[in-house]
Amino acid sequence: MTAPGPSATPPAWCVLGHGEGGRTRLTSLGPDGAVLGQDEADPAALPALVGRWEAEHSPRWVWSDAASWYPGLLAAGVTLERCHDLRLIHRILAHSELVRDAGALRAASDWDTPLEPREPERDAGATLFDLDAAARRPGAVPSDHAETLAELARQRTAIDAAHDPARLRLLVAAESAGALIAAELQRAGIPWDVAEHDRILTAALGPRPSPGTPPALMVEAAAEVRTALDDPLVPLDSHPRLLRALHRAGIEVSSTSQWELQGHDHPAIAPLLRYKKMSRLLTANGWTWLDEWVHEGRYRPVYVPGGVVTGRWASSGGGALQIPRQLRPALRADPGWRLVSADVSQLEPRVLAAMSADPAMIAAGAGKDLYSGIVEAGIVATRQEAKIGVLGALYGGTTGDSGRVVPRLRRTFPAAMALVDGAAATGERGGTVTTWLGRSSPAVEESWTAAQRSANQPEASAGQQEAARRSARDRGRFTRNFVVQGTAAEWALSWMAALRLRLARFTPVPVEHAAGPSGPVFSRRAHLAFFLHDEVIVHAPAGQAEAAAAAIRESAQAAGRLLFPGSPIDFPLDLEISERSAQK
DNA sequence: GTTCCCCGCGCG
DNA sequence: AAAGCGCGCGGGGAAC
C-alpha cells in the first residue's frame, strides 16, 4: 500500500471492487477524485483491511452495493460509518429530473438492476468466506474494480453538473445510509418472544395442531359456517366456491371480502368472519412462520432499500412490513434491555405542509395532532373528517366523505393543495414529477402516450376515450402521491441516518450470554431493531433507554432542519419505552 | 408438473 | 363501510 504520510491528503473515498484471482482491490481517492493509494486482500483478510482504514480515516466506502459487501463485513465485526451504494444511486440518478445529462449513466445499463431477493443469513459464520461469491452472484450489478471506479466517476460527474447538487447529495447520502442500516437491521434482528407469539396464536386459534390439520378454533368456526349455510362440504378457502355457496344461501355479495360480508345479516356471517381472521393469522404469521423466521430469539427479515418506486423500502420474505398489530406484544426486549419505539404523527401531511410552505397547514400541525388542528381551525367538525379529507388530498380521493371535504381543504390550504394538484396534473399529461431531494417518478411507457394520443383522435371510440381518461386519472393519483410519499421516505431515511450515527456513540454494555452467529459477543450497543416507513424501534440497555429516546427526538428535529431549513414545520413523535411492544 | 394471475388482507 | 396511494404474501385455480 502506498500509505499516505502525515502531510498527505487524507482519503475521502475508498473504493472496493474485485480484482485478479478472487482478490479484492481497494483504491483510496482524495476529495477531488484523484487516486491516493491502492491495496488488495484475499476475501478472508478483507474485513481486517477495511476495519483498519475505517479506524484511521473513516472514508466514504464506495462499492457496487452494500447488500453484497456489507453483511460479510458485519459478520466479521466491522461496522462502517458512511458509504456510497452505486447500485441504488445509479437508479436514482439515471432517472432524476435534476440530472442534466443522464446519457452516460443510462448507457451503463448493467447498473440499473434491482437486487435479487436473497435469503437471510442462516449461518453467518460462512459469510466471511462467501463474501466474494455473494458479490458475484447472478443478477448482481458489476463489481469488478475498474467498472466500479468508472461508475463512481459517472455518478460524480452527474451529481456535480446537476440542477441542485446539494439536494441530490443529501439524497445520495440518505439512500446510502439506508443501505447500511438495512444490512445492520437484518443482522441485529428484532428481539422476538417465541413463547408470547405462541400464546397469542393459541388464544386465537387453539393449541398448535399437528402439521396439515387446522387448529381447533378454526375447525369449530368452519363447522358453524357449514351448519348455517346448510352445506356440510363448502370449502371456505376457495373464494369462487365459497361465493357460490353464499349465493345459494341467499347472501347476495359480489365478493367474499370482509367489508362486504359485514353488511349482511345471516347466521353464517359471524363465524365466517371469525374463520377468515383466524385463517389469515395462521397462514401469514402462524407456527410455520415462527419456525422459518425466528431463530435464537431474533426475527431477521430481509429489507429491500429503495424497493418501492417512491423510495420507500420494501421487504422480501417474512413480511417484515406487515407484522399484524395483534403480534406486536411478541416484540420483547432482552432481559435488562428496553424497546424504545417512536412513530411520527402524520408524517405525510407534515411533509406536504413543509414542501409547499403552506402557512395554514403548518399552523394546523403546530400543536401535536395535525388532524385536531384542522378541527380547531373550524374547517371540519370531527377529527375523523379531517383525516379522511387529508388522506383524500394525498391519494386523490374524489368520492364519498373525502370528495366532500377535499374542496374545503383546497380553500383553506391553497398552497399545499396546489402542490399535489399540480403533481396530479403533470402525471395525467404523462409528465414526470420529482421528490424534494430529487427522486423522479418513472417515465410513462411509449404505449401509454400512444394510447392517449389515439384516444384524442376524432375517430376514437367512446370506450377508447373513457379507458384513456381513466388511465390518465390513475396516473395522476400516482404522481400526486409520489411527491409526498417519496419525500416522506427521504425524511425517514434522514431521520434514521442521524439516529444511527448518534447510537454509534453510545457505550456498549457487557452481555453475559449472547453468542451471536459469528461467535461469542461480550458487549453490545444500543441499536436500531425495526423500521416501518414512519416508525423506528431501538433496542437499548435499560440504563440508556432515556438517552436513546432523546437521540430519536433529536434526530427527528435534525432531519426536519436538513430537508426544510428555516421552515417552522415540526415532526412530533409518539414515543414509548417498554420491555414489550404495545399493541395500540 | 410448473408458472402466473387474482383475490383478500396485513402494514404504512 | 371504502374511498384515494404504496407494498408482500399465501392460497386457489386457470393457463401452460
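Hydrogens, waters and symmetry mates are skipped; everything else that's a heavy atom, side chains included, is used. Chain letters run A, B, ... following the sequence lines, proteins first, then strands; residues in each count from 1.
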Item to check | Pairs touching residues 393-403 of chain A that satisfy side chain to side chain donor-acceptor pair (under 3.5 Å), sequence neighbours left out | outcome: A:D401-A:R404
Item to check | Selection: residues 261-279 of chain A, any non-hydrogen atom under 4.0 Å of DNA chain B | outcome: A:K276, A:K277
Checklist outcome for this item: Hits for side-chain hydrogen bond (donor to acceptor under 3.5 Å, both in side chains) against A:R553, two or more places apart or cross-chain, chain-then-number order -> none
Item to check | Length of the CZ-P vector between A:F530 and B:dC11, whole Å | outcome: 11 Å
Under 3.5 Å, sequence neighbours excluded: what are the donor-acceptor pairs made by side chains of residues 244-251 of chain A?
from, atom 1, to, atom 2, distance (Å)
A:H247, NE2, A:V253, O, 2.7
A:R248, NH2, A:D231, OD2, 3.2

Checklist entry - Can you find a side-chain donor-acceptor pair between A:Y275 and A:D237 that sits under 3.5 Å? => result yes
Checklist entry - Taking CG from A:L532 and C1' from B:dG10, how many angstroms apart are they, rounded to a whole number? => result 11 Å
Checklist entry - Should the ring pair A:W293 and A:Y299 be called parallel, tilted or perpendicular, given that the plane angle runs from 0 to 90° and is split at 30 and 60? => result perpendicular
Checklist entry - B:dG12 C1' sits how many Å from A:W313 CH2, rounded? => result 14 Å
Next on the checklist: Is there a side-chain contact between A:Q258 and the phosphate of B:dG10, meaning an N or O under 4.0 Å from OP1 or OP2?
Outcome noted: yes
Next on the checklist: Is the ring pair A:F478/A:F482 parallel, tilted or perpendicular, if the boundaries are 30 and 60 degrees?
Outcome noted: perpendicular
Next on the checklist: Under the salt bridge (charged side-chain N to carboxylate O under 4.0 Å, His left out) definition, can you give me all pairs with a residue in residues 309-329 of chain A, not counting sequence neighbours?
Outcome noted: A:R312-A:E348, A:R328-A:E535
Next on the checklist: Check whether A:W436 forms a cation-pi arrangement with A:R167 (NZ or CZ under 6.0 Å from the six-membered ring centre, at most 45° off the ring normal).
Outcome noted: yes
Checklist entry - Separation of A:Q326 atom CD from B:dG10 atom P, in whole Å? => result 9 Å
Item to check | Intra- and inter-strand pairs of DNA chain C in dot-bracket (Watson-Crick or G-U wobble, both distances under 3.5 Å; | for another strand) | outcome: ....||||||||||||
Checklist outcome for this item: Its contact letters, B for base, S for sugar-phosphate only and - for none at protein heavy atoms under 4.0 Å, make nucleotides 4-16 of chain C read BBBSBSSSSS---
Checklist entry - Is the glycosidic torsion of C:dG4 within 90° of 0, making it syn, or is it anti? => result syn
Checklist entry - Residues in ring-ring contact (aromatic ring centres under 6.0 Å, His included) with A:Y371, at least two apart? => result none
Next on the checklist: According to salt bridge (charged side-chain N to carboxylate O under 4.0 Å, His left out), does anything in residues 261-275 of chain A pair up with another residue at least two apart or in another chain? List the pairs.
Outcome noted: A:E224-A:R274
Item to check | Aromatic plane relationship, A:W313 with A:F531 - under 30° parallel, 30 to 60° tilted, over 60° perpendicular | outcome: perpendicular
Checklist entry - Sequence neighbours excluded, which residues qualify as side-chain hydrogen bond (donor to acceptor under 3.5 Å, both in side chains) partners of A:E196? => result A:R199
Checklist entry - When all nucleic acid strands are considered with a 4.0 Å heavy-atom cut-off, which category describes A:N285: base, sugar-phosphate, or nothing? => result nothing
Throw together a table of side-chain donor-acceptor distances under 3.5 angstrom for residues 380-394 of chain A, partners on residues two or more places apart or in other chains.
from, atom 1, to, atom 2, distance (Å)
A:T382, OG1, A:E385, N, 3.1
A:R383, NE, A:D369, OD1, 3.3
A:R383, NE, A:D369, OD2, 3.1
A:R383, NH2, A:D369, OD1, 2.7
A:E385, OE1, A:A381, N, 3.2
A:E385, OE1, A:T382, N, 3.4

Next on the checklist: Would A:R475 and A:W448 count as a cation-pi pair here, with the cationic atom under 6.0 angstrom from the ring centre and within 45° of the axis?
Outcome noted: yes
Extract from the structure each pairing of a protein N or O with an N or O of nucleotides 3-6 of chain B at less than 3.5 Å, listing the distance.
none

Checklist entry - Given atom CG of A:L236 and atom P of B:dC9, what is their separation to the nearest angstrom? => result 13 Å
Item to check | Distance, rounded to the nearest Å, where A:I200 contributes CD1 and B:dG10 contributes C1' | outcome: 15 Å
Checklist entry - Tell me: CZ of A:F531 to C1' of B:dG12, nearest whole Å? => result 10 Å
